[in-house]
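Every heavy atom of this structure was used, including side-chain atoms; hydrogens, water molecules and symmetry mates were not.
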Amino acid sequence: MESITGLSLGELEHILISWGEQAFRANQVFSWVYKKRVSDFSLMSDLSTSLRNKLKEDFTLFDIKQIKSVKSKDGTEKFLFVLSDGDLIESVIIPTDDRVTACISTQVGCKYKCSFCASGISGFRRNLTCAEIIQQMLFLNNRKKITHIVFMGTGEPLDNYDAVLKAIRIINSKESLNIGARRITISTSGVAPGIRKLIGEDLQFELSVSLHSADDAVRSKIMPINKIYPLNILIAACNEYIRKTGRQITFEYVLIKNLNSDIHSCQKLVALIKDLRLVKVNLIPANIVKECRIEPPGRAEIQMFRNHLSKHKIPATLRKSRGEDIEAACGQLRLSHEKK
Ligand code: SAH
């Protein structure tokens with residue numbers, strides 16, 4: 001059975017009209033699901049009993065179930081969910097001074113096998129449905145009012161394009177959580193055709209591209225996707241995206257000791273992106289993942305990398321690592337649960 005959380009307001013209206021109901025009933029249902037946040041159709045007290053029963057017969061509401069949560073000293077909280085088919089996914093709430101960010105998964109496992117990431121280790125299972133994506137946000141929002149969403153959990157969002165874009169449209173709508181598109185970030189490992197496809201969307205989301213190296217040989221070693229979409233193809237897609245949308249791209253760059261964090265790597269990065277008009281670099285000291293045998297560089301090297309970017313007028317931020325004590329990096333909780 002399908003969950004009602006996978007439907008847009010328009011789709012729900014359509015169904016209710018076909019049942020002989022009036023269109024505004026769909027708004028009422030949305031309000032119960034997204035604003036009053038009930039967990040059962042029977043609680044939707046301004047709908048007739050027969051409509052409530054019919055909804056219950058045809059749809060589920062929540063079909064992901066929390067089975068574990070861990071909270072970090074810094075407030076970051078991570079949740080492990082079981083899906084109706086028994087698969088596991090994880091999501092994270094990251095509170096900071098001025099925002100509460102929800103980090104959402106888009107797939108069960110990941111195909112991409114980036115060498116520093118825990119998500120790919122146990123392989124790929126399937127795409128999440130739009131409903132499963134929405135339910136993570138609903139669940140987190142019930143826990144703590146979320147202001148921002150990043151698709152930086154497990155999976156490659158642009159490989160599950162339609163479900164992700166539909167989920168963004170639903171969660172963005174004022175009848176639902178009303179989270180502004182500018183507060184929603186899609187993060188891709190560099191699926192160039194997907195980046196090009198995003199150009200045509202009428203939504204003002206943010207785009208991050210996980211770059212991690214400006215050298216094809218190094219990038220192919222740590223991100224196998226680089227063999228399919230090497231840097232020249234990826235950067236051409238980014239350039240087109242920036243030119244046609246007028247929007248910025250953030251390059252995510254995980255700093256890994258003895259691999260991509262020396263001055264030479266930074267010079268290559270500058271050369272690769274300096275001519276793109278609207279870019280920013282987000283430096284992330286690698287989170288240690290036991291299975292991946294990687295380490296962040298020392299503080300001095302991180303500073304040097306950052307200073308070199310500023311010297312070349314490339315805006316760079318250094319992301320503070322969050323939730324290290326709870327294995328909050330991509331896929332770590334699921335992995336440790338599976339091992340048990
Ligand atoms: N597949 C998408 C989104 C999921 S990964 C992508 O690649 O962008 C989200 C971010 O987490 C990526 O930038 C990824 O490189 C980063 N990441 C994964 N493992 C990490 C680790 N061990 N330390 C720091 N960042 C990591």
Original post:
Can you find a heavy atom in the side chain of Leu283 that is under 4.5 Å from one in the side chain of Leu309?
Top reply: yes
Original post:
Is the shortest distance from a Lys or Arg side-chain nitrogen in Arg196 or Glu240 to a carboxylate oxygen in the other one below 4.0 Å?
Top reply: yes
**OP:** Test side-chain contact (heavy atoms from CB on, under 4.5 Å) on Trp32 and Ser45 and set out the steps.
**Re:** CA-CA 9 Å; Trp32 284 111; Ser45 55; 3.5 Å; yes
**OP:** State, yes or no, whether a side-chain contact exists between Val100 and Ile94 at a heavy-atom distance under 4.5 Å.
**Re:** no
**OP:** List the atom of Ala163, the atom of Leu128, and the distance in Å for their closest heavy-atom pair.
**Re:** CB-O, 3.9 Å
Original post:
Are Ile104 and Ile133 side-chain neighbours, meaning at least one heavy-atom pair lies under 4.5 Å?
Top reply: yes
Subject >> Co-membership, hydrophobic cluster, residues Phe139 and Met137, 4.5 Å side-chain >> reply: yes
Subject >> Exercise: do Arg25 and Gln28 side chains pair donor with acceptor under 3.5 Å >> reply: yes
Subject >> Leu165-Ile134 co-clustered via ILVMFWY side chain contacts under 4.5 Å >> reply: yes
**OP:** Could you give me the CA-CA distance, side-chain angles and deciding distance for Arg143 and Phe79, then say whether side-chain contact (heavy atoms from CB on, under 4.5 Å) is met?
**Re:** CA-CA 11 Å; Arg143 196 74 174 206; Phe79 302 89; 3.8 Å; yes
Original post:
Roughly how far, to the nearest 0.5 Å, is the CD1 atom of Ile249 from the CD1 atom of Ile195?
Top reply: 6.0 Å
Subject >> Residues, nucleotides or ligands: over 12 heavy atoms within 6.0 Å of Arg182 CZ >> reply: no
**OP:** Drop me the distance from Asn141's CG to Gln136's CD, to the nearest 0.5 angstrom.
**Re:** 13.0 Å
Original post:
Do you know which two heavy atoms are closest between Glu11 and Ser8, and how far apart they sit?
Top reply: OE1-N, 2.9 Å
Original post:
What pair of heavy atoms forms the shortest contact from Pro230 to Asp216, and how long is it?
Top reply: CB-OD1, 3.6 Å
**OP:** For side-chain contact (heavy atoms from CB on, under 4.5 Å), just list the numbers for Leu55 and Val29, CA-CA rounded to whole Å, side-chain angles, deciding distance to a tenth of an Å, and then say yes or no.
**Re:** CA-CA 10 Å; Leu55 286 167; Val29 174; 4.0 Å; yes
**OP:** Would you please say whether a donor-acceptor pair under 3.5 Å links the side chains of Ser310 and Asn307?
**Re:** no
Subject >> Cationic N near anionic O, under 4.0 Å, Glu201 to Arg169 >> reply: yes
Subject >> Nearest heavy atoms of Ser119 and Thr154, plus distance in Å >> reply: OG-OG1, 3.2 Å
**OP:** Measure up the Tyr253 and Phe305 rings against each other and bin them: parallel (under 30°), tilted (30 to 60°), perpendicular (over 60°).
**Re:** tilted
**OP:** Answer yes or no: does atom NZ of Lys144 have more than 12 heavy-atom neighbours from other residues, nucleotides or ligands under 6.0 Å?
**Re:** no
Subject >> Enclosure of Arg125 CZ (heavy-atom neighbours >12, cutoff 6.0 Å) >> reply: no
Subject >> Salt-bridge contact Glu57-Arg52 (side-chain N to carboxylate O under 4.0 Å) >> reply: no
Original post:
Charged N to carboxylate O under 4.0 angstrom, Lys111 versus Glu156?
Top reply: no
**OP:** Would you please test Ser72 and Glu77 for side-chain contact (heavy atoms from CB on, under 4.5 Å) and show each step?
**Re:** CA-CA 6 Å; Ser72 159; Glu77 197 170 6; over 6 Å; no
Subject >> Residues Arg126, Glu132: salt bridge by 4.0 Å N-O rule >> reply: yes
Original post:
Which pair of non-hydrogen atoms, one from Ile294 and one from Ile288, has the smallest distance, and what is that distance?
Top reply: O-CG1, 3.9 Å
Subject >> Test item: Leu255 and Ile284 side chains (from C-beta on) under 4.5 Å apart, heavy atoms >> reply: no
**OP:** Check whether the side chains of Asp159 and Asn127 place a donor and an acceptor atom closer than 3.5 Å, and report yes or no.
**Re:** no
Original post:
Per the side chain to side chain contact (heavy atoms under 4.5 Å, CB included) rule, which among Asn282, Thr317, Val279, Val209 passes with Thr250?
Top reply: Asn282
Subject >> Distance under 6.0 Å and angle within 45° of ring axis: Arg247 vs Phe205 >> reply: yes
Original post:
Would Ser31 and Glu175 count as having a side-chain donor-acceptor pair, cut-off 3.5 Å?
Top reply: no
Original post:
Do Ser50 and Asn53 have a side chain donor and acceptor closer than 3.5 Å?
Top reply: no
Original post:
Out of curiosity, does Leu231 fall in the hydrophobic cluster containing Val191 (side-chain heavy atoms, cut-off under 4.5 Å, transitive links)?
Top reply: yes
**OP:** Report whether Ile263 and Val270 are members of the same hydrophobic cluster (ILVMFWY, side-chain heavy atoms less than 4.5 Å apart, transitive linking).
**Re:** no
Original post:
From Asp85 CG over to Leu83 CG, what is the distance, rounded to the nearest 0.5 angstrom?
Top reply: 5.5 Å
Subject >> Gap between atom CG of Leu138 and atom OH of Tyr34 - 0.5 Å precision >> reply: 5.5 Å
Original post:
With a 4.0 Å cut-off, would you call Glu252 and Arg319 a salt bridge?
Top reply: yes
Original post:
Hey, what do you get for SG (Cys110) to CD1 (Ile121), rounding to the nearest 0.5 Å?
Top reply: 11.0 Å
Original post:
Can you name the closest pair of heavy atoms from Met1 and Asp58 and give their distance?
Top reply: CG-O, 3.2 Å
**OP:** Could you check if a side-chain atom of Leu211 sits within less than 4.5 angstrom of a side-chain atom of Leu272, using non-hydrogen atoms only?
**Re:** yes
**OP:** Using a 4.5 Å cut-off on heavy atoms from C-beta on, say whether the side chain of Arg219 contacts that of Asp215.
**Re:** no
Original post:
Does Tyr241 reach the side chain of Leu207, with side-chain heavy atoms less than 4.5 Å apart?
Top reply: yes
Subject >> Any Ser91 side-chain heavy atom under 4.5 Å of Lys78 side chain >> reply: no
**OP:** Step through it carefully: locate the ring centre of His212, locate the ring centre of Phe251, and say whether they are under 6.0 Å apart.
**Re:** no
**OP:** Indicate, with yes or no, if Leu140 and Met152 share a hydrophobic cluster defined by side-chain heavy-atom contacts under 4.5 Å among Ile, Leu, Val, Met, Phe, Trp and Tyr.
**Re:** no
Subject >> Trp19 and Phe59 aromatic ring geometry - parallel, tilted or perpendicular at 30°/60° bounds >> reply: tilted
Subject >> Sole residue of Thr106, Thr185, Asn160 in side chain to side chain contact (heavy atoms under 4.5 Å, CB included) with Phe151 >> reply: Thr106
